[in-house]
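Throughout, a chain's letter reflects where its sequence line sits, starting with A, and its residues are numbered from 1.
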Number of protein chains: 2
Amino acid sequence: MSPGRAVPPPRPATIKDVAAASGVSRQTVTRAVNAMPGINADTRERVLAAARELGYRPSRFGRGLVKPPTRTLGLLVEDLTNPYYPELASAVLRLAAQAGWNVVLAERAAAPAGGDFLTERFGADVDAVVSFTGLHVPARTDGLAELPIVEIAPGPHETAHGRVDLDLSTAIVEAVAHLHERGVRRPVVLDLPGGSGRAAAFVAAFAARDTTAMRVPTVSTDLAGGLETAGRVLTEVPDVDALVAFNDVTGFGVLRALRLAGVDVPGQVRVLGVDGLAIGSFVTPRLTTLALDMPLVARTALEVVLALHAGTLAPGDPGTRRRVPYRLDVGEST
Amino acid sequence: MSPGRAVPPPRPATIKDVAAASGVSRQTVTRAVNAMPGINADTRERVLAAARELGYRPSRFGRGLVKPPTRTLGLLVEDLTNPYYPELASAVLRLAAQAGWNVVLAERAAAPAGGDFLTERFGADVDAVVSFTGLHVPARTDGLAELPIVEIAPGPHETAHGRVDLDLSTAIVEAVAHLHERGVRRPVVLDLPGGSGRAAAFVAAFAARDTTAMRVPTVSTDLAGGLETAGRVLTEVPDVDALVAFNDVTGFGVLRALRLAGVDVPGQVRVLGVDGLAIGSFVTPRLTTLALDMPLVARTALEVVLALHAGTLAPGDPGTRRRVPYRLDVGEST
DNA sequence: CGACGCGTCGTGAACGTTCACGGCCCCCGA
DNA sequence: TCGGGGGCCGTGAACGTTCACGACGCGTCG
């Protein structure tokens, strides 16, 4: 209508501004904007024109105050780029949607270290939080009204929040039994540079079967780390007959190293991963791995956090601590 | 304090309830809950106890109305399980966080067909939307105040919203040139069951180099589809020397089929994917593919949607239409 | 003894929207 | 002519929170 677009006001336009501009009352503006009945077609057009002109957009806060409330869950993951996390995120999204909740997603990797990350990142618009990062979420010590938090993390940990413990122990025993039955006697376990409980558990499980497993630190737990470390192991431990990778992505690197070296998998060397990534089925041979039932993890975490939110469960209640075991998923690499 | 936990009130407790329960005013409750100064330590404890007892949690709407507003972006993707989408989602998350925006994520795959998906899914808590699904987002025809929407989708399309066109055309020409120079003369293009512009463009590009490409429909565009279709092609077209997969995941299936058949890649048959998935580097040989610069896509979409939100750009403005080309990413499979 | 300051707390107003209700006008039928 | 009804529109109140300001009591100092 007007030649130039109206300059946007410094302060965002409210429903009153639109009402004043079109010479009607607030209620009539509401009727026009929300396509409600009981309004003349001409006035509706006039009001909508004014709204467009002013760049009016209804405030979701004013609205949320009056309408039946929307529930929003904050989901904090480490890094979406790592295929491990989208699988959980997807499961959480579906279940949350089913329960009528929205999901705000944030990556911890993209955040400044320290600081009260939760409130800083999610601000005033989440009603509960599920955290799936390596880190422990500290309980707030200042004021105040806690919002329900559930952590998903490996192993048990003392915390004031709800918690889903991801338990590798039984699966490790199972996997070692599987490898041992296949004749593995000279296994090598890839480890973090600083060592880890995970690798220690593998070594212990092998020891229980009178087999000594070597621990070799990787430079990194990504593809390159697996590639480089596996290559080194092949020359230093020529009679190795199994490689336990720290995770699936590292395992992919191991597979590639073995292939480059002309080593047959699983004929000469067997390879085991940890994670159970869906994309594990993209590589050849399909990786045997310790897998997590991600939909189950998501369901468990949501159960707890929704119960906390509803007040059915109190913080500190034993019911806020759950355990989800890994299970052995036999592919073609062992 | 009390023996049993107080029964949660049918109506969620407000700040007034807490004030009444602890015999102070609203403002004092605010001071306690928000850890503000100017309150006696004893009263603070008393108020916080009452708040816990009542299960009080401050309303983010009431709060949002008063405090400087938080901006929230709705990101709609097709399916997080498909590795294609997390790469974009991750890029959007980082850039949005940098701009001080939150991101609400939703999957279209998890939604009921039809219906006003946007408002239904995001409810009253997004300020703008970026949509990255196959589908076109219909413009609302009823009332009302539009919220800024940007679609990311292949090829141009008439729409009232902002738009980022993903353009394969130049990359297809480039890829075909690459294959042709490598000596490809009997290419087969995997296609959707119903046919597609993408496959047609490949055929046309080959034709421009006096090479006739066969089109073969796949049953599905996942790993199994690539596996099965490539197997069939090998028997029906024994002298095939290149396979163009519809996307990367299908390409992984093709690679596996060729490996099972003992066909050397790229020696006997060259394989091309489309998507440029980061996980393409996990397979051996690394897939040559038409890749998208996802951070660039994210940056472009955010630029447009933020400008629309700020009013810098008006809907329908030519600046709301952008183009991002695919580029050829040469791996080991061609 | 009065003024002043500090620590602690309460009161009205404002944020932007929708809901429930009531009022006006005009047309129609008795 | 009057009553009634329907179409259209406006007014107060409410949602839950925070901000700006003022009030009260007590101790200290001039």
**OP:** Could you encode protein contacts along nucleotides 9-16 of chain C as a string, one character per nucleotide from 5' to 3', using B for base contact, S for sugar-phosphate-only contact and - for no contact, with a heavy-atom cut-off of under 4.0 Å?
**Re:** BBBBB-BB
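- In the helix from C/dC1-D/dG30 to C/dA30-D/dT1, the rotation axis of the first five pairs and that of the last five pairs differ in direction by 60°, rounded to 10 degrees.
- Using modelled atom types, no side-chain atom of B/Ser90 and backbone atom of B/Pro86 make a donor-acceptor pair closer than 3.5 Å.
- Under a 3.5 Å cut-off, the side chain of B/Ser22 and the backbone N or O of B/Val18 do form a donor-acceptor pair.
- Rounded to whole angstrom, the span from the CE atom of A/Met36 across to the C1' atom of D/dG10 amounts to 14 Å.
- Taking the six-membered ring where the residue is Trp, B/His309 and B/Trp101 present perpendicular rings, their angle passing 60° and hence far from 30°.
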**OP:** Verify side chain to side chain contact (heavy atoms under 4.5 Å, CB included) between A/Glu107 and A/Glu78, making sure each step is shown before the conclusion.
**Re:** CA-CA 5 Å; A/Glu107 280 183 319; A/Glu78 183 61 31; over 6 Å; no
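- With respect to B/Asp79 and A/Arg94, a salt bridge is recorded, a charged nitrogen being found less than 4.0 Å from a carboxylate O.
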Pick out the pairs of N or O atoms, protein on one side and nucleotides 22-27 of chain D on the other, that lie under 3.5 Å.
none

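- Side-chain contact annotation: B/Thr72 with A/Arg60, donor-acceptor N/O pair under 3.5 Å present.
- From A/Leu65, atom CG reaches atom CZ of B/Arg63 across 13.0 Å, with rounding to the nearest 0.5 Å.
- Using a 4.5 Å heavy-atom threshold, the side chains of A/Leu73 and A/Leu302 count as touching.
- Here B/Asp165 does not pair with B/Arg322 in a salt bridge; the nearest charged N to carboxylate O distance is not below 4.0 Å.
- The aromatic rings of B/Phe132 and B/Tyr85 lie perpendicular to each other, with more than 60° between the two planes, well past the 30° mark.
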